[in-house]
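For reference, the structure discussed in these notes is given below.
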Amino acid sequence: MDDIDRKILNDIQSGFPISPRPYLEIGALLGVSEHEVIKRVESLKEEGVIRRIGGSLNSQKLGFKSTLCAARVSEDRVKDFVEKVNGYKGVTHNYLRNSDYNIWFTFIAPTSADIENALKEISEKTGVSDILNMPSVRMFKIKVDFDV
């Protein structure tokens, strides 16, 4: 990773241009071509440095409900459980933790009832009955930028 890659990463974390040709705008700021920016972003994605590029919306302002869930999943069922959980479009991400409740994931849906129904369905599909539902009450942070 060179200085241009670092500048691209710093610029796109929270300042990704909303325009028909965002990579052209990024390139203009950095003094490189649109094609060069696209190539570098693709390379950074292939290397796993960039996981995804997408919007981060404030679900509460859109009227959606969000929750943090924790599940107690036996080690031999973790892979299957995570695959099924990730199949729900309201699941934004999940984490493997070293504790009794070892799978943690966030879930966003139009209503709390939608979340509760999905968690019941997940439990039925996976056989995992110990899933905690901890609805969001207050937002503490919405973004984190890393100085690369």
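Note that these values count all heavy atoms, side chains included, but never hydrogens, waters or copies made by symmetry.
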**Asked** So which heavy atom on Ser129 is nearest to which on Ser123, and how close?
**Response** CA-OG, 3.4 Å
**Request:** State plainly whether one hydrophobic cluster holds both Val148 and Ile8, where clusters connect Ile, Leu, Val, Met, Phe, Trp and Tyr through side-chain heavy atoms under 4.5 angstrom apart.
**Result:** yes
**Prompt:** When you look at Ile26 and Val41, which way does the side-chain contact (heavy atoms from CB on, under 4.5 Å) test go after all the steps?
**Reply:** CA-CA 11 Å; Ile26 293 167; Val41 167; over 6 Å; no
**Request:** Determine whether Val91 and Thr106 make a side-chain contact, defined as any pair of heavy atoms from C-beta on separated by less than 4.5 Å.
**Result:** no
**Message:** Test your reading of the model: is there a side-chain donor-acceptor pair from Gln13 to the backbone of Leu9, 3.5 Å cut-off?
**Reply:** yes
**Request:** Could you grab the distance from atom CZ of Arg51 to atom NZ of Lys45, nearest 0.5 Å is fine?
**Result:** 12.0 Å
**Item:** Distance in Å, Leu68 CG paired with Phe107 CZ, rounded so as to fall on 0.5 Å steps
**Value:** 13.0 Å
**Asked** Can you name the nearest heavy-atom pair linking Tyr88 to Glu121, along with the distance?
**Response** OH-OE2, 2.5 Å
**Asked** Ser99 versus Trp104: any side-chain heavy-atom pair under 4.5 Å?
**Response** yes
**Asked** Just wondering, more than 12 heavy atoms not from Glu47 lying within 6.0 Å of its CD?
**Response** yes
**Message:** Please determine whether residues Ile103 and Leu119 belong to a single hydrophobic cluster, defined as Ile, Leu, Val, Met, Phe, Trp and Tyr linked transitively by side-chain heavy-atom distances below 4.5 Å.
**Reply:** yes
**Item:** Heavy-atom closest pair, residues Met1 and Arg6
**Value:** O-NH1, 3.1 Å
**CG on Asp80 to OG on Ser74, rounded to 0.5 Å** = 10.0 Å
**Prompt:** Does Thr67 use its side chain to pair, donor to acceptor, with the backbone of Met134 at less than 3.5 Å?
**Reply:** yes
**Item:** Arg40 vs Asp2, side-chain contact (heavy atoms from CB on, under 4.5 Å): CA-CA, chis, key distance, verdict
**Value:** CA-CA 10 Å; Arg40 286 172 177 269; Asp2 64 13; 2.8 Å; yes
**Item:** Co-membership, hydrophobic cluster, residues Phe105 and Val82, 4.5 Å side-chain
**Value:** yes
**Request:** Write down the atom of Lys125, the atom of Lys84, and the distance for their closest heavy-atom approach.
**Result:** O-CE, 3.7 Å
**Prompt:** Checking side-chain contact (heavy atoms from CB on, under 4.5 Å) against Phe81, which of Asn86, Asn102, Ile131 comes through?
**Reply:** Ile131
**Request:** Output, in order, the C-alpha distance, side-chain angles, deciding distance and verdict of side-chain contact (heavy atoms from CB on, under 4.5 Å) for Glu116 and Lys120.
**Result:** CA-CA 6 Å; Glu116 290 168 17; Lys120 182 179 177 192; over 6 Å; no
**Prompt:** Would a hydrophobic clustering, with Ile, Leu, Val, Met, Phe, Trp and Tyr connected at side-chain separations under 4.5 Å, put Leu132 with Val78?
**Reply:** no
**Message:** On a heavy-atom basis, which atom in Phe146 and which in Asn10 lie closest, and how many Å separate them?
**Reply:** O-OD1, 3.1 Å
**Asked** Given the rule that I, L, V, M, F, W and Y join up when any side-chain heavy atoms are under 4.5 Å apart, are Ile53 and Ile38 in one cluster?
**Response** yes
**Request:** Just do the side-chain contact (heavy atoms from CB on, under 4.5 Å) check on Asp11 and Leu30 with the steps written out, would you?
**Result:** CA-CA 10 Å; Asp11 287 351; Leu30 302 177; 3.6 Å; yes
**Asked** Side-chain contact, heavy-atom cut-off 4.5 Å: Ile122 with Val128?
**Response** no
**Prompt:** Considering only heavy atoms from C-beta outward, does the side chain of Ile12 approach that of Ile50 to under 4.5 Å?
**Reply:** yes
**Request:** Specify the closest pair of heavy atoms between Pro17 and Pro22, including all atoms of both residues, with the distance to one decimal.
**Result:** O-CB, 3.4 Å
